[in-house]
A.B. asks: 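One structure follows; several queries about it will come next.
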There are 2 protein chains.
Amino acid sequence: MQNKITIMLVEDNEAYRNVIKRSFSRDANMELVSQFSTAEIALRSLQELSTRTVPDIILLDLNLPGMSGLEALPYFRQALPDTRIIILTQSDKESDILEAISKGTSGYLLKSATNRQLKDGIRTVMDGGASLDPDVARLILEGMEQTPKQKKPEISLTEKEHSILVLIGQGLEQKDIAKTLCITRNTVAYHIKHIYEKLEVQNAPAAISKAYQTGLFSPGKM
Amino acid sequence: MQNKITIMLVEDNEAYRNVIKRSFSRDANMELVSQFSTAEIALRSLQELSTRTVPDIILLDLNLPGMSGLEALPYFRQALPDTRIIILTQSDKESDILEAISKGTSGYLLKSATNRQLKDGIRTVMDGGASLDPDVARLILEGMEQTPKQKKPEISLTEKEHSILVLIGQGLEQKDIAKTLCITRNTVAYHIKHIYEKLEVQNAPAAISKAYQTGLFSPGKM
DNA sequence: TTGAAAACTACACATCTGTGTAGTGGTCGT
DNA sequence: ACGACCACTACACAGATGTGTAGTTTTCAA
């Protein structure tokens with residue numbers, strides 16, 4: 001059998017900390033190797049003891065005194081890039097959830113989870129998966145339900161048209177686009193007119209809007 | 001005790017169908033009330049028998065002969081708006097997953113799931129949650145990791161600046177914006193200049209791009 | 001009250017944009 | 001070989017845009 005999964009707990013509520021502690025103390029596969037009541041203390045301990053055994057998993061509360069879990073998250077990630085972080089909190093606020101996820105967590109569990117669910121989640125994460133509380137998962141799913149493209153009549157731009165639209169979105173003027181693509185400004189205008197027709201708009205700003213709204217562009221690129 | 005959870009299964013592989021069937025036959029809380037080998041047959045049965053008991057859950061395979069599960073999804077949703085759909089498939093292709101989710105599923109499980117995991121998932125969905133295979137959850141989480149805003153220096157536009165930017169994105173010209181807001185075109189230009197400064201761009205298309213990329217605008221509105 | 005910064009209006013102007021018309025060369029199906 | 005179509009170029013121009021300069025009003029802290 002392999003080594004125990006090592007776990008760091010960052011949680012201000014002592015009672016809950018003890019619940020977790022007791023739960024792991026009876027487990028042959030997991031070991032709570034360190035626990036802290038604030039993010040600051042936890043982070044300081046990482047810097048001082050560079051030889052400290054790196055935990056496999058950090059269980060991180062969001063609502064901490066001083067620095068919040070959300071603020072601390074990037075620092076943990078930087079200091080311990082190989083350690084996977086599971087948020088363990090009461091907050092089911094959508095903004096908290098989305099922000100935590102956007103900062104790269106491997107799981108988001110609510111404190112209402114049973115010990116068994118928590119341990120399942122930890123195992124799941126160690127296996128390379130992600131662990132989401134069902135309610136959190138539903139939130140995320142519902143959030144994604146709209147986002148992608150919704151129109152049947154897919155807008156299809158020529159490769160050149162597409163690249164011109166991208167350049168427009170980057171703020172280039174037509175003459176600069178011409179220079180970039182080694183064509184004349186007239187040709188650029190020619191393509192742009194076609195783009196507007198396909199997108200059913202009449203000017204550049206509207207075209208860019210439409211590109212994002214239809215999923216032609218995705219927010220993730222700059 | 002409440003009634004059994006009623007389940008419809010749409011799955012072309014007979015062997016797997018039998019596995020599921022056997023699993024439910026021994027369960028006091030769930031009942032497999034109907035099973036179909038293709039989406040077409042399943043959908044037809046819904047139309048013909050409108051008095052048929054509506055299932056609580058549909059377990060839907062994606063890779064079906066004829067109409068795929070992905071294609072059939074909207075029809076199921078329309079015909080049975082109160083029935084929650086769980087995708088149960090082998091495909092962990094990101095595009096399949098995202099498309100299924102965007103069409104409004106309550107869960108996405110892989111066939112590698114154990115009977116226990118499947119039943120847990122069904123129960124979770126019945127409780128109002130969503131059930132995701134850990135690998136699927138990880139995919140979604142990683143996909144979301146970039147998307148939201150990432151900059152600390154939140155861009156804050158005046159209320160007027162924001163509304164002007166919105167109007168620009170809708171394709172209005174400055175003079176029309178002026179008319180809409182009952183100000184002069186000069187004032188519109190004045191605000192626009194400030195918008196460009198705040199967004200660090202030099203023209204309207206770039207400003208719109210930035211607005212979407214920073215989360216100032218969200219794709220969901222037209 | 002005074003001064004400074006911010007929000008707004010006004011005017012002027014060089015530049016950029018969107019569009020029309022027209023023409024060239026290449027490709028394709030018939 | 002023909003017309004049809006597409007990508008491209010050229011020229012022209014009204015109208016829109018971005019920017020500088022300047023003046024007014026509002027806000028707010030000293």
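Every chain is numbered from 1 and lettered A, B, ... according to where its sequence line falls, protein lines coming before strand lines.
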A.B. asks: Could you tell me from which nucleotide to which nucleotide of DNA chain D, 5' to 3', there is an atom under 4.0 Å from chain B heavy atoms?
C.D. replies: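 For DNA chain D, the relevant span reads dA16(D) to dG20(D).
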A.B. asks: Please report, rounded to the nearest Å, how far the C1' atom of dC16(C) is from the OH atom of Tyr196(B).
C.D. replies: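 Atom-to-atom, Tyr196(B) to dC16(C), this comes out as 12 Å.
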A.B. asks: Using a strict threshold of under 4.0 Å (side-chain N to carboxylate O), is an ion pair present between Glu99(B) and Lys103(B)?
C.D. replies: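 Result for this pair is yes, salt bridge flagged.
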A.B. asks: Tell me whether Tyr196(B) contacts the main-chain N or O of Ala204(B) through its side chain, where contact means a donor paired with an acceptor under 3.5 Å.
C.D. replies: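 Side chain of Tyr196(B) to backbone of Ala204(B): a pair is present.
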A.B. asks: Are more than 12 heavy atoms from other residues, nucleotides or ligands located less than 6.0 Å from atom OH of Tyr16(A)?
C.D. replies: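 Enclosed: over 12 neighbouring heavy atoms sit under 6.0 Å from OH of Tyr16(A).
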A.B. asks: Does either side chain, that of Thr89(B) or that of Asp61(B), offer a donor lying less than 3.5 Å from an acceptor on the other one?
C.D. replies: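 Distance-only check passes for Thr89(B) and Asp61(B).
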A.B. asks: Which residues in residues 173-189 of chain A have a heavy atom closer than 4.0 Å to any atom of DNA chain D?
C.D. replies: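 Ile183(A), Thr184(A), Arg185(A), Asn186(A), Thr187(A) - these, ordered by number, are the residues of the stretch whose heavy atoms sit under 4.0 Å from the strand.
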A.B. asks: Over how many whole Å does the gap from Glu200(A) atom CD to dG18(C) atom C1' extend?
C.D. replies: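 One finds 18 Å between C1' of dG18(C) and CD of Glu200(A), rounded.
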A.B. asks: Rounded to the Å, how far apart are Asn203(B) CG and dG18(C) P?
C.D. replies: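 Distance check: Asn203(B) CG to dG18(C) P gives 10 Å.
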A.B. asks: Return the orientation label for the Tyr190(B) and His194(B) ring planes: parallel under 30°, perpendicular over 60°, tilted otherwise.
C.D. replies: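 Rings of Tyr190(B) and His194(B): tilted, 30 to 60°.
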A.B. asks: Ile164(A) has an atom CD1; how far is it from atom P of dT17(C), in whole Å?
C.D. replies: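 In whole Å, dT17(C) P lies 12 Å from Ile164(A) CD1.
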A.B. asks: So, for Leu73(A) and Leu60(A), which heavy atoms are closest and what is the spacing to 0.1 Å?
C.D. replies: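 Leu73(A) and Leu60(A) have their closest heavy atoms at CG-CD2, 4.1 Å.
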A.B. asks: Give the rounded distance in Å between these two atoms: CD of Glu161(B) and C1' of dA7(C).
C.D. replies: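 Value for this atom pair: 9 Å.
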A.B. asks: Could you check Met8(A) against Thr83(A) for side-chain contact (heavy atoms from CB on, under 4.5 Å), going step by step and ending with a plain yes or no?
C.D. replies: CA-CA 10 Å; Met8(A) 173 189 290; Thr83(A) 297; over 6 Å; no
A.B. asks: Among Ile122(A), Ile7(A), Thr105(A), whose side-chain contact (heavy atoms from CB on, under 4.5 Å) with Ile86(A) holds?
C.D. replies: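 With Ile86(A) as partner, Ile122(A), Ile7(A), Thr105(A) yield a single side-chain contact (heavy atoms from CB on, under 4.5 Å), made by Ile122(A).
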A.B. asks: Is it the case that over 12 heavy atoms from other parts of the model lie below 6.0 angstrom from the CD atom of Glu197(A)?
C.D. replies: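 Above 12, so yes.
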A.B. asks: For His191(B) and dA6(C), give me the distance from atom NE2 to atom C1', rounded to whole Å.
C.D. replies: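 Answer to the nearest Å: 11 Å.
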A.B. asks: Between Lys193(A) and Leu172(A), which residue's closest nucleotide on DNA chain C lies nearer the 5′ terminus?
C.D. replies: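 Mapping each residue to its closest nucleotide by heavy atoms, the 5'-most match is Leu172(A).
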A.B. asks: Mind checking if His194(B) touches a base, just sugar-phosphate, or nothing, with heavy atoms under 4.0 Å?
C.D. replies: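 Here His194(B) touches no strand at all.
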